[in-house]
Participant: 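The following block contains the structure, expressed as structure tokens.
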Amino acid sequence: MRLRSWIAASALSLALATPALADIAVLPGVAPGSLDTVVLSDDLVDFVIDGLVDGTDVTVTGSENLILQGQTIEAQTGTFNFLLFTLTDPGSAFTAAQFNLDAVASGPVSIFAYDQFGDGFGGVFALAELGDNIFNVAATNGQIIRSIVIMSTAALSGVSGIQLGGITTALVPEPGTWAMMIAGFGGVGLSLRTRRRLALA
């Protein structure tokens with residue numbers, strides 16, 4: 001249990017260690033300009049949902065088994081609190097995104113976008129119960145986005161309307177950077193899942 005808490009705390013501290021001059025902004029509301037819709041298509045119940053945008057493969061990973069209802073990602077049973085958006089090709093990145101979060105109840109959500117160096121940009125936002133919670137992410141000044149992480153205290157019933165833009169080639173980070181990011185994401189997801197189970201018990 002202590003190891004899980006340490007991993008979650010480490011991941012959160014890395015996420016909050018944001019440079020002063022952020023080149024990636026996470027904002028509530030619709031993205032300016034046009035983006036391409038991610039077409040989700042996955043018949044398997046798994047932690048991963050696959051999609052396609054502008055000829056590029058997209059992966060959405062959760063800490064629960066996920067299913068598709070139309071073009072909405074939902075948990076197989078109940079709700080979920082964690083999602084990770086990435087392009088399947090580690091040599092690709094994007095410069096803009098938009099998505100809609102459906103929450104079962106009002107509460108906070110942490111949304112962070114990570115660049116090619118593993119630096120996180122974002123913050124904590126308020127979710128409205130059963131409402132449209134549309135968020136957009138935009139990179140400027142030549143910055144690119146490698147992944148977007150959603151960690152919600154409020155239970156999520158679904159995410160829909162996923163759109164990406166500005167797909168480009170990126171420098172591949174060092175294996176150690178990927179390992180640290182994946183361990184952090186997994187630790188935070190595990191922590192949220194454990195906390196929810198304890199709250200329900």
Side-chain angles (χ1 to χ4, degrees), residues 11 14-15 17-19 21-42 47-63 66 68 71-73 80 82-102 109-125 132-152 156 158-175 177-182 184-186 188-189:
L14 284 172
T18 308
L21 297 174
D23 291 324
I24 300 176
V26 179
L27 301 168
V30 176
S34 62
L35 302 176
D36 297 315
T37 299
V38 176
V39 179
L40 303 169
S41 59
D42 205 331
F47 290 90
V48 176
I49 297 288
D50 296 318
L52 188 68
V53 58
D54 196 25
T56 302
D57 292 323
V58 178
T59 303
V60 180
T61 307
S63 59
L66 303 172
L68 274 182
Q71 287 295 295
T72 299
I73 297 174
F80 60 94
F82 174 85
L83 282 179
L84 166 67
F85 300 158
T86 58
L87 298 181
T88 308
D89 178 3
S92 297
F94 51 98
T95 60
Q98 179 179 297
F99 48 88
N100 182 39
L101 301 176
D102 294 320
V109 61
S110 297
I111 303 173
F112 285 91
Y114 289 85
D115 67 9
Q116 67 271 34
F117 306 111
D119 294 327
F121 302 83
V124 179
F125 303 89
D132 284 334
N133 297 290
I134 297 174
F135 293 92
N136 74 82
V137 182
T140 58
N141 299 328
Q143 188 71 289
I144 57 175
I145 304 166
R146 295 301 305 268
S147 62
I148 296 174
V149 177
I150 300 168
M151 300 172 285
S152 182
L156 300 175
V159 59
S160 59
I162 302 172
Q163 299 179 322
L164 299 179
I167 295 174
T168 185
T169 302
L171 297 175
V172 180
E174 295 294 322
T177 302
W178 272 113
M180 185 172 58
M181 284 173 38
I182 291 170
F185 298 152
V188 171

Participant: Would you sort out whether Ile150 and Phe80 count as a side chain to side chain contact (heavy atoms under 4.5 Å, CB included), showing the intermediate values?
Facilitator: CA-CA 10 Å; Ile150 300 168; Phe80 60 94; over 6 Å; no

Participant: Determine the minimum heavy-atom distance between Thr72 and Gly158, stating which atoms define it.
Facilitator: CG2-CA, 4.1 Å

Participant: For the residue pair Gln143 and Gln116, what are the closest heavy atoms and their distance?
Facilitator: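 Between these two residues, the closest heavy atoms are OE1-OE1, 3.1 Å.
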
Participant: With side chain to side chain contact (heavy atoms under 4.5 Å, CB included) as the criterion, how do Asp57 and Leu52 come out once you've worked through the C-alpha distance, each side chain's angles and the decisive distance to 0.1 Å?
Facilitator: CA-CA 5 Å; Asp57 292 323; Leu52 188 68; 3.3 Å; yes

Participant: Are Phe125 and Leu101 packed together at the side-chain level, in the sense that at least one heavy-atom pair is separated by less than 4.5 angstrom?
Facilitator: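 Contact flag for Phe125/Leu101 side chains = no.
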
Participant: Once rounded to the nearest 0.5 Å, what's the spacing between atom CG of Leu87 and atom OG1 of Thr168?
Facilitator: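 One gets 10.5 Å once the value is rounded to the nearest 0.5 Å.
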
Participant: Which atom names give the shortest non-hydrogen contact between Ala31 and Ala97, and what distance separates them?
Facilitator: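 Smallest interatomic distance, heavy atoms only, reads CB-O, 4.4 Å.
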
Participant: Tell me, do Leu83 and Val60 make a side-chain contact under 4.5 Å, heavy atoms counted?
Facilitator: yes

Participant: In the structure I gave you, are the side-chain heavy atoms of Phe82 and Val149 within less than 4.5 Å of one another anywhere?
Facilitator: yes

Participant: So which atom in Arg146 and which in Gly91 form the shortest heavy-atom distance, rounded to 0.1 Å?
Facilitator: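 For Arg146 and Gly91, the tightest heavy-atom pair comes out as NH2-N, 4.3 Å.
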
Participant: Does the side chain of Asn133 come within less than 4.5 Å of Asp102's, by heavy atoms?
Facilitator: no

Participant: CD1/Ile49 to OG/Ser41 distance, rounded to the nearest 0.5 angstrom?
Facilitator: 9.0 Å

Participant: Would you give the length of the straight line joining atom CG of Leu35 to atom CG of Leu164, rounded to the nearest 0.5 angstrom?
Facilitator: 7.5 Å

Participant: Say whether, by atom type as modelled, one donor and one acceptor occur between the side chain of Asn136 and the main chain of Gly29 under 3.5 angstrom.
Facilitator: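 Yes; judged by distance alone, with no hydrogens or angles, the pair exists.
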
Participant: When rounded to the nearest 0.5 angstrom, what is the spacing between CZ in Phe121 and CD1 in Ile145?
Facilitator: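 Rounded to the nearest 0.5 Å, the CZ-CD1 separation comes out at 9.5 Å.
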
Participant: Donor-acceptor pair, Gln98 side chain versus Gly161 backbone, under 3.5 Å?
Facilitator: no

Participant: So do the side chains of Ile73 and Leu68 get within less than 4.5 Å of each other, counting heavy atoms only?
Facilitator: yes

Participant: Any chance you could measure Ile24, atom CD1, to Asp119, atom CG, to the nearest 0.5 Å?
Facilitator: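 If we round to the nearest 0.5 Å, Ile24:CD1 and Asp119:CG are 8.5 Å apart.
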
Participant: To the nearest 0.5 Å, how far apart are CZ in Phe85 and OG1 in Thr59?
Facilitator: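 Going from CZ on Phe85 over to OG1 on Thr59, the span is 11.5 Å.
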
Participant: Please lay out, stage by stage, how Ser147 and Thr86 fare under the test side-chain hydrogen bond (donor to acceptor under 3.5 Å, both in side chains).
Facilitator: CA-CA 5 Å; Ser147 62; Thr86 58; over 6 Å; no

Participant: Would you say that Ile148 contacts Phe94 through its side chain, given a criterion of any heavy-atom pair below 4.5 Å between the two side chains?
Facilitator: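 Answer yes - side chains close enough.
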
Participant: Test Ile167 against Val53 for side chain to side chain contact (heavy atoms under 4.5 Å, CB included), laying out the working first.
Facilitator: CA-CA 9 Å; Ile167 295 174; Val53 58; 3.6 Å; yes

Participant: Restricting to non-hydrogen atoms, name the atom on Gly51 and the atom on Val38 that form the minimum distance, rounded to 0.1 Å.
Facilitator: CA-CG1, 4.2 Å

Participant: Suppose we screen for side chain to side chain donor-acceptor pair (under 3.5 Å). Which residues come up paired with Asp132, at least two apart in sequence or across chains?
Facilitator: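 Counting only residues at least two positions away or on another chain, Asp132 forms no side chain to side chain donor-acceptor pair (under 3.5 Å).
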
